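Small disclaimer: the values here were computed from a predicted structure and weren't measured.
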Amino acid sequence: MDSDPGFVAAVEEAKAGFEEGGVPIGACLVSKEGKILGRGRNMRVQKKSATLHAEISTLENSGRLPASAYIGATMYTSLSPCDMCTGACILYKVARVVIGENKTFIGGEAYLKQRGIEVIVLENKECQDLMSRFIEEKPNVWNEDIGE
């Protein structure tokens with residue numbers, strides 16, 4: 001699953017965010033047919049936004065889609081989704097959330113499962129190393145991102 005195009009895109013987005021000085025979290029939404037609908041990264045720092053987490057950025061970049069486009073879709077994300085992003089996945093009824101890692105942060109995984117969404121955690125070392133480095137280098141930005 002680490003080589004799925006959706007996950008590869010999410011990791012590429014996370015790396016790009018890190019290079020831009022932002023929070024290195026990336027995401028990608030893939031239809032049940034395997035088509036990438038959109039991809040994005042956390043843009044809170046770059047755009048001075050309160051809400052542009054990776055999954056929200058991905059949904060924004062997917063454009064306005066009919067509700068049917070989300071049925072059976074998979075949200076790939078490099079990090080366990082926060083409450084806001086968990087809610088967005090539930091709202092749009094994605095079928096599955098594939099998470100790069102949840103060692104540096106555990107979000108709403110239990111709630112996703114409770115709402116019938118399949119959750120897969122890859123324990124991807126590259127994602128974990130990138131987040132660990134960011135948290136160490138920019139703890140204030142990280143704490144702001146998670147609402148602390």
When you check the gap from the basic side-chain N to the acidic O, do Glu144 and Arg44 get nearer than 4.0 Å? yes
From the list Met131, Glu101, Lys15, side-chain contact (heavy atoms from CB on, under 4.5 Å) partner of Glu126 resolves to Lys15
message = Parallel, tilted or perpendicular: which one describes the rings of Phe134 and Trp142, with boundaries at 30° and 60°?
response = perpendicular
| query | Salt bridge or not for Lys113 and Glu109, using N-O below 4.0 Å? | reply | no
Nearest heavy-atom contact between Cys127 and Gly100 is SG-CA, 4.1 Å
Look at Arg39 together with Glu12 and state whether they make a salt bridge at an N to O cut-off of under 4.0 Å.
-> yes
- Step through the shown structure and confirm whether more than 12 heavy atoms of other residues, nucleotides or ligands are within 6.0 Å of CD on Glu137. yes
Interatomic distance, CZ@Arg41 vs CD@Glu55, rounded to 0.5 Å, equals 14.0 Å
Item checked: Same apolar cluster: Leu65 and Met75, side chain cutoff 4.5 Å -> yes
query = With no hydrogens and no angle check, is any side-chain donor or acceptor of Thr58 less than 3.5 Å from a backbone partner on Gly40?
reply = yes
Of all heavy-atom pairs linking Pro24 and Phe18, the shortest is CB-CB, 3.7 Å
Problem set entry | Gln46, CD: over 12 other non-hydrogen atoms inside 6.0 angstrom | yes
Closest non-hydrogen atoms of Gly72 and Ala95, given as atom of the first, atom of the second and distance, are CA-CB, 3.6 Å
Requested in this report: Verify side chain to side chain contact (heavy atoms under 4.5 Å, CB included) between Leu122 and Val98, making sure each step is shown before the conclusion.
Outcome: CA-CA 7 Å; Leu122 300 178; Val98 177; 3.7 Å; yes
Sequence neighbours excluded, the answer for side-chain contact (heavy atoms from CB on, under 4.5 Å) partners of Ile90 is Thr86, Tyr111, Leu112, Arg115, Ile117
What one should report as the nearest heavy-atom pair of His53 and Cys85 is CB-SG, 3.4 Å
Closest non-hydrogen contact found for Ser80 with Gly108 is OG-N, 4.5 Å
Could you check if a side-chain atom of Asn124 sits within less than 4.5 angstrom of a side-chain atom of Phe7, using non-hydrogen atoms only?
yes
ask   = Step by step, would you call Ile120 with Ile99 a side chain to side chain contact (heavy atoms under 4.5 Å, CB included)?
value = CA-CA 6 Å; Ile120 299 169; Ile99 299 165; over 6 Å; no
Note to self: Starting from Val45, can I reach Ile56 by hopping between I/L/V/M/F/W/Y residues whose side chains sit under 4.5 Å apart?
What the structure shows: no
* How far apart are the C-alpha atoms of Val97 and Thr77, what are their side-chain angles, what is the distance that settles it, and do they pass the side chain to side chain contact (heavy atoms under 4.5 Å, CB included) test? -> CA-CA 7 Å; Val97 176; Thr77 181; 4.1 Å; yes
Taking every heavy atom of Met43 against every heavy atom of Ser57, the minimum-distance pair comes out as CG-OG, 4.2 Å
In the structure I gave you, are the side-chain heavy atoms of Cys28 and Ile36 within less than 4.5 Å of one another anywhere? yes
Rounding to 0.5 Å, atoms NZ (Lys35) and CG (Leu29) come to a distance of 10.5 Å
d(Thr104 OG1, Asp129 CG) to nearest 0.5 Å is 10.0 Å
To the nearest 0.5 Å, atom OG of Ser31 lies from atom OH of Tyr70 at 12.0 Å
Next on the checklist: Show, in sequence, the C-alpha distance, side-chain angles and deciding distance for Lys103 and Glu123, and conclude whether the side chain to side chain contact (heavy atoms under 4.5 Å, CB included) test is met.
Outcome noted: CA-CA 8 Å; Lys103 299 294 185 216; Glu123 297 182 15; 4.2 Å; yes
Output for pair (Leu59 CG, Tyr92 OH), nearest 0.5 Å, gives 6.5 Å
Distance col, row Leu130:CG vs Ile135:CD1, nearest 0.5 angstrom, shows 10.0 Å
